[in-house]
Amino acid sequence: MKLNERSLAFYATCDSPADNAGFLYKRGERHTAYHRRWFVLKGNMLFYFEERDSREPVGVIVLEGCNVELCDSAENFTFAIRFGGSKSRTYVLAAESQAAMESWVKSLSRASFDYMRLVVRELEKQLQEMSRGLAGGCGGSQDAPGPWKPKPSALEQSRDRLPALPAILPKENGCAVWNNVLGTDRPPGTSGCGGHDEEGTPRPPPLPPRRRVSKGEAASAGAAVAESPSTFCRLHEQYSREVARLRQDWQQKRRGPP
């Protein structure tokens with residue numbers, strides 16, 4: 001890899017924020033003595049200077065294809081940066097405290113491009129799962145996301161409580177009876193079928209007998225008709241509020257949690 005020394009020196013000393021910085025003890029390649037150096041981590045590049053106020057770095061370590069691990073040494077709080085390959089160099093560093101060593105090992109392990117690529121893939125996967133959950137309308141459920149269903153209104157709940165009518169009208173001798181409710185009494189002598197005339201053609205069933213309405217029933221019916229507009233207005237207002245509430249809940253679920 002070819003690196004421009006001036007560009008590296010400018011990048012190492014510019015005002016861009018550093019991922020980590022501090023003094024570490026670096027073991028020499030030929031001599032095993034440790035030298036105190038000022039280290040600055042920016043991205044996947046680890047610069048080290050002779051002093052904190054030095055204008056140019058002494059060297060740089062590109063943190064790609066390497067492993068950061070603890071190692072046994074005479075110095076305390078030591079760790080190593082090992083690269084793959086038999087001829088690759090291993091950098092042995094020592095921190096001044098346990099907390100500093102843990103901080104450097106963590107930041108150096110996360111500095112490579114391969115690690116950032118894994119993090120980006122994981123974040124993209126989580127974003128896709130969240131998008132599918134919001135599109136499916138799941139409200140924090142642990143099951144698979146499914147379509148959102150509105151809460152049944154009071155009218156639908158009241159309909160569910162009504163008794164079910166027979167799907168097929170009862171028949172007597174092959175003809176349907178006039179009354180839809182089972183067990184209703186009929187006038188004697190009427191079976192619900194019209195029978196046949198003299199020529200053999202079937203006759204229509206007889207009409208049900210008319211019931212005379214008394215004066216009291218007529219007055220109550222008139223009062224019910226007079227009250228029907230106000231009853232309709234109350235029902236209209238009730239269901240309008242119910243529809244508005246359901247629409248508001250649906251819009252909130254569509255927008256997702258705040």
Side-chain angles (χ1 to χ4, degrees), residues 1-134 138 140 142 144-145 257:
M1 179 185 297
K2 295 182 179 180
L3 300 176
N4 190 307
E5 294 182 3
R6 293 184 178 179
S7 300
L8 285 178
F10 174 78
Y11 179 60
T13 57
C14 66
D15 296 334
S16 61
D19 298 323
N20 203 346
F23 283 105
L24 293 174
Y25 293 91
K26 176 179 172 295
R27 192 177 70 178
E29 183 178 4
R30 296 181 180 179
H31 305 283
T32 58
Y34 285 84
H35 301 280
R36 192 169 185 260
R37 297 287 184 259
W38 177 257
F39 282 81
V40 176
L41 176 63
K42 289 187 175 182
N44 62 345
M45 293 186 178
L46 179 62
F47 300 94
Y48 53 95
F49 302 79
E50 288 186 358
E51 298 293 338
R52 184 171 184 175
D53 298 333
S54 300
R55 294 184 178 181
E56 293 184 358
V58 178
V60 60
I61 304 173
V62 181
L63 301 171
E64 293 296 338
C66 62
N67 295 324
V68 182
E69 57 189 23
L70 303 180
C71 62
D72 296 332
S73 178
E75 296 290 334
N76 295 326
F77 316 119
T78 57
F79 58 95
I81 304 175
R82 302 183 186 276
F83 291 86
S86 58
K87 297 182 179 181
S88 299
R89 179 181 174 182
T90 299
Y91 295 87
V92 180
L93 306 174
E96 296 180 347
S97 63
Q98 179 73 20
M101 182 191 68
E102 294 177 357
S103 175
W104 275 108
V105 170
K106 183 182 297 184
S107 57
L108 293 175
S109 302
R110 299 177 179 179
S112 64
F113 177 76
D114 293 336
Y115 178 83
M116 295 301 298
R117 182 167 50 189
L118 293 177
V119 172
V120 170
R121 289 180 179 176
E122 182 65 23
L123 292 176
E124 289 178 350
K125 181 180 178 181
Q126 294 179 8
L127 180 60
Q128 292 176 0
E129 292 177 355
M130 293 176 61
S131 300
R132 287 196 297 266
L134 293 177
C138 61
Q142 297 180 357

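Basis for what follows: all heavy atoms, side chains included, without hydrogens, waters or symmetry-related copies.
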Of the non-hydrogen atoms in R27 and T32, which two are nearest, and what is the gap between them?
CG-O, 3.3 Å

For the CE atom of M101 and the CZ atom of F79, what is their distance to the nearest 0.5 Å?
8.0 Å

Considering all heavy atoms, the nearest A94-Y34 contact
CB-CE2, 4.3 Å

S131 side chain to L127 main-chain N or O, any donor-acceptor pair under 3.5 Å?
yes

Has E64 got a side-chain atom pairing as donor or acceptor with F113's backbone, closer than 3.5 angstrom?
yes

The ring pair (Phe, Tyr, Trp, His ring centres under 6.0 Å) partners of Y91 (sequence neighbours excluded) come to none

For a quick test of reading the model, state the closest non-hydrogen atom pair linking A111 to N44 and the distance between them.
O-CB, 3.2 Å

With side chains defined as the heavy atoms from C-beta onward, is the minimum distance between S109 and V68 less than 4.5 Å?
yes

When you compare the side chain of F83 with that of I61, does any pair of heavy atoms fall below 4.5 Å?
yes

Spatial distance of atom CD (E102) from atom CG (L70) [nearest 0.5 Å]
8.5 Å

What's the spacing between F23 CZ and F39 CZ if we round to 0.5 Å?
11.0 Å

Side-chain heavy-atom pair R117, V120 within 4.5 angstrom cut-off
no

Heavy atoms from other residues, nucleotides or ligands near CZ of R89 exceed 12 (cutoff 6.0 Å)
yes

How far does CZ of F77 sit from OH of Y25, to the nearest 0.5 angstrom?
11.5 Å

For the pair K42 (side chain) and Y11 (backbone), establish whether a donor and an acceptor sit closer than 3.5 Å, ignoring hydrogens and angles.
yes

Minimum heavy-atom separation for C71 and T78, please, with both atom names.
O-OG1, 2.9 Å

Check: D19 side chain, G43 main-chain N or O, donor-acceptor pair, under 3.5 Å:
yes

So, applying side-chain contact (heavy atoms from CB on, under 4.5 Å) with L108, which one of N67, L41, N20 is it?
L41

Between CZ on residue R110 and CG on residue L118, distance to nearest 0.5 Å
13.0 Å

Residues that Y115 engages under ring pair (Phe, Tyr, Trp, His ring centres under 6.0 Å), provided they are two or more places apart
none

Return the OG1 to CD distance between T13 and E56, rounded to the nearest 0.5 Å.
8.0 Å

Using a distance-only test with no angle check, is there a side-chain donor-acceptor pair under 3.5 angstrom linking Q128 and E124?
no

For W104 and G22 the tightest heavy-atom approach is CZ2-N, 3.6 Å

